[in-house]
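Below is one structure; the comments refer to it alone.
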Amino acid sequence: MKEIKVYMRPLVANRVIMDLEEAGARDMTLIRVDAIKPPLDQNQKADVAFARCVIRSSVVAKLELVCLDEEVKLFVEIIRARAHTGQRGDGRIFVSSVEGAVNIRTGETGEKAL
């Protein structure tokens, strides 16, 4: 099993989720989070004093889902294609291994818990 975490623009979240659902994704979680931008490079600062006052956070949509190993490639490609705008800040996709899962209601474990 794999966990996919996606940080993307909130405006593209609905179309990403709809396409993932059509492809068989289930039990997704969407969270609104504040992303902290990296500090400005000293060479990019026109006015150092002003740059220190600039708010460095922005609202980002974080999507989380756990899926079967064989679904990862398809789901990642759907996310990349649907979240892509070509502009800076389109986001990131992270894929991690899941060591185990337990369905609290049924007690099922592993892939059956999905």
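Every value quoted in this text rests on a predicted model; they were computed, and no experiment measured them.
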Distance col, row Leu65:CG vs Leu30:CG, nearest 0.5 angstrom, shows 11.5 Å
For Ile31, does the CD1 atom sit with more than 12 other heavy atoms under 6.0 Å from it, leaving out its own atoms?
-> yes
Which pair of heavy atoms, one from Val76 and one from Val95, lies closest together, and at what distance?
-> CG2-CG2, 3.8 Å
Measure the CZ-CG distance between Phe75 and Leu63 for me, rounded to the nearest 0.5 Å.
-> 11.0 Å
Could you check Val6, Ile79, Ile78 and say which one makes a side-chain contact (heavy atoms from CB on, under 4.5 Å) with Val16?
-> Ile79
Charged N-O contact under 4.0 Å between Glu71 and Arg26 | yes
To the nearest 0.5 Å, what is the distance between OG (Ser58) and CG (Asp34)?
-> 7.5 Å
Atom pair CD (Glu64) and CD1 (Ile4), whose distance is rounded to the nearest 0.5 Å | 11.5 Å
Pairing residues for Thr85 by the side-chain contact (heavy atoms from CB on, under 4.5 Å) criterion, not counting sequence neighbours | Arg9, Val12, Arg15, Gln87, Asp90
Is there a donor in the side chain of Ser96 and an acceptor in the side chain of Lys2, or the other way round, less than 3.5 Å apart?
-> no
Should Val66 and Ile93 be counted in the same cluster of Ile, Leu, Val, Met, Phe, Trp and Tyr side chains packed under 4.5 Å apart?
-> no
Would Leu74 end up clustered with Ile17 when hydrophobic side chains under 4.5 Å apart are linked, directly or stepwise?
-> yes
Give, for atom NZ of Lys5 and atom CZ of Arg92, the distance between the pair rounded to the nearest 0.5 Å.
-> 15.5 Å
Decide yes or no for Arg32 and Pro10: does some side-chain heavy atom of the first lie under 4.5 Å from some side-chain heavy atom of the second?
-> yes
Heavy-atom pair with the smallest gap, counting every atom of Asn103 and Ala113 | N-CB, 3.5 Å
Are the side chains of Arg82 and Met18 in touch, meaning some heavy atoms are under 4.5 Å apart?
-> no
Does atom CD of Glu99 have more than 12 heavy-atom neighbours, drawn from other residues, nucleotides or ligands, at distances under 6.0 Å?
-> no
Could you please spell out the steps behind the side-chain contact (heavy atoms from CB on, under 4.5 Å) verdict for Val72 and Cys67?
-> CA-CA 7 Å; Val72 172; Cys67 63; 3.7 Å; yes
Residue pair Met1 / Asp69: nearest heavy atoms and the distance that separates them = N-OD1, 3.0 Å
How long is the gap from CZ on Arg80 to CD on Glu77, to the nearest 0.5 Å?
-> 4.5 Å
